Amino acid sequence: MPEGHSIHRQARDQTPMLRRKLVAVSSPQGRFIDGAALLDGRRCMAVEACGKHLFYRFAGGDALHIHLGLYGKFLCAPRPAAEPRGLVRVRLESPTHTVDCNGPNQCEVLTGEEVDRLIARIGPDVLRDDADPERAWARITKSRAPIGQLVMDQSVMAGIGNIYRTEILWRQRIHPLTPGRALERDAFDRFWADSVALLKVGVNLRAIVTVDGAIEGTAGRGPGRYGARTNIFKKATCPRCGGPILQFPIAARKTFCCEACQPAVDPVALKGVAAAGEDG
DNA sequence: TTGATTGTTACCGG
DNA sequence: TCCGGTAACAATCA
């Protein structure tokens, strides 16, 4: 679940639940202990998302930092809380709500300074109003790395995961193997704007929806794991031109593209690419 | 049981 | 130094 949209959605949902004194911060399975007790009875001032990171900021400056990794998830409920289910790393209890965080990759207490340092290393977050796309462009235009890798590099720009990169590159007709320095400024601007628009839809719908009609919330129903919510992710056929979808790994994750709609800048760079795809 | 995965980091070699 | 490839870690589910 965790691309940027779901983290921002959690920040939005959890702020009113937790923005008061926390009566308990605990670790039901003993999997997260260091510093947790430090937060008991303290006031949570804000729940803040930055890229795929979530920070619970406490009065006095300390913060609880959580990164969900590939599998982590939140379970929020009004009190009284049920028994913890699954591998709960940390449980936050306010007078009104309980928030369980299951199986996160990172779960730690940081000082305010440590939080600032961490955030400084994160690229501009497409979901934050204060994000500066020029920071991302400066990195991209200097790099020979493929754009499909750069947009998922959280230090270049933050919030985009494998599905969004695949879908937005297709929507904007950008071949994922285009070297960053070969990308036109106009293409970057379109990628950025579409990222902002689609991730905001994702926050509102609590789901990755990249097909047209998403704004109205009418998309998303359909067979298959991704139903009609995505265009080419794990699909075999391009919904725009009917051509075949290629799949190949970039940055350790499988991506997809339609060569007809996303013409390669340098055909030589495509050596080794294999046709595939199942679904469809 | 196996394999894949909406993520990230470290390491190695060219 | 940069970049591509690979492995490792992690939890869940088909």
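Proteins get letters first, then strands, A, B, ... in listed order; numbering begins at 1 in each. Since this is a predicted model, take the numbers as computed values, not measurements.
- Contact check, K254(A) against dA4(B): no side-chain N or O comes under 4.0 Å of OP1 or OP2.
- Straight-line distance between the P atoms of dT6(C) and dA4(B): roughly 15 Å, to the nearest whole Å.
- The shortest distance between the side-chain N/O atoms of Q149(A) and the OP1/OP2 oxygens of dG4(C) is below 4.0 Å.
- To the nearest angstrom, P of dT8(B) lies 13 Å from CE of M157(A).
- In this entry the distance linking CD of E167(A) with C1' of dT6(B) reads 12 Å, nearest Å.
- Closest approach to the R144(A) side chain among dC2(C), dT12(C), dT8(B) is made by dC2(C) (side chain taken as heavy atoms from C-beta onward).
- Side chain of K52(A), nearest nucleotide from dG4(C), dT6(B), dT8(B): dT8(B).
- Here the straight-line distance linking atom CG of N105(A) with atom NE2 of H67(A) works out to 7.0 Å at 0.5 Å rounding.
- When atom types are taken as modelled, the side chain of R89(A) and the backbone of Q106(A) share no donor-acceptor pair closer than 3.5 angstrom.
- In this structure, of dC13(C), dG4(C), dG7(B), it is dG4(C) that holds the atom nearest to the side chain of P146(A).
- Residue order along DNA chain C, read from the 5' end via each residue's closest nucleotide, puts K142(A) first among K142(A) and A251(A).
- Across all strands, L68(A) comes closer than 4.0 Å to no nucleic acid atom at all (heavy-atom distances).
- A straight line from CG of N162(A) to C1' of dT5(B) spans 9 Å, rounded to a whole angstrom.
- One N or O donor and one acceptor, one from the side chain of Y71(A) and one from the base of dT5(B), sit under 3.5 Å apart.
- Minimum heavy-atom separation, H8(A) to D125(A): NE2-OD2, 2.7 Å.
- One side chain, T166(A) or T255(A), offers a donor N or O that lies under 3.5 Å from an acceptor on the other.
- Remark: P of dT6(B) and CG of L199(A) are 15 Å apart, rounded to the nearest angstrom.
- For R85(A) and dA11(C), the CZ to P distance is 18 Å, given to the nearest whole Å.
- Computed from coordinates, the Q106(A) CD to dC9(C) P distance equals 16 Å when rounded to whole Å.
- Closest to the side chain of A252(A), from the set dT6(C), dA10(C), dC13(C), is dT6(C).
- In the set dG7(B), dC3(C), dT6(B), the nucleotide with an atom closest to the side chain of F233(A) is dT6(B).
- What separates CG of N102(A) from C1' of dA10(C) is a distance of 13 Å, to the nearest Å.
- Residue S143(A) places its side chain closer to dC3(C) than to any other of dT6(B), dT12(C), dC3(C).
- With distances taken from any side-chain atom of H67(A) to the nucleotides dG4(C), dT8(B), dT5(B), the minimum falls on dT8(B).
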- Note on the structure: Intra- and inter-strand pairing of DNA chain C, written as dot-bracket with Watson-Crick and G-U pairs under 3.5 Å and | for the latter, reads .||||||||.||||
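- Checked against ring pair (Phe, Tyr, Trp, His ring centres under 6.0 Å), Y164(A) has the following partners two or more places apart in sequence or in another chain: H5(A).
- A donor-acceptor contact under 3.5 angstrom links the side chains of Q14(A) and Y56(A), judged on distance only.
- Counting to the nearest Å, the P atom of dG7(B) and the CG atom of D153(A) are 13 Å from each other.
- The distance from atom CG of L18(A) to atom CE of M45(A), rounded to the nearest 0.5 Å, is 13.0 Å.
- Here the nucleotide nearest the side chain of R253(A), chosen from dC2(C), dT5(B), dG4(C), is dT5(B).
- R190(A) and D186(A) are joined by a salt bridge, as a carboxylate oxygen and a charged side-chain nitrogen come within less than 4.0 angstrom of each other.
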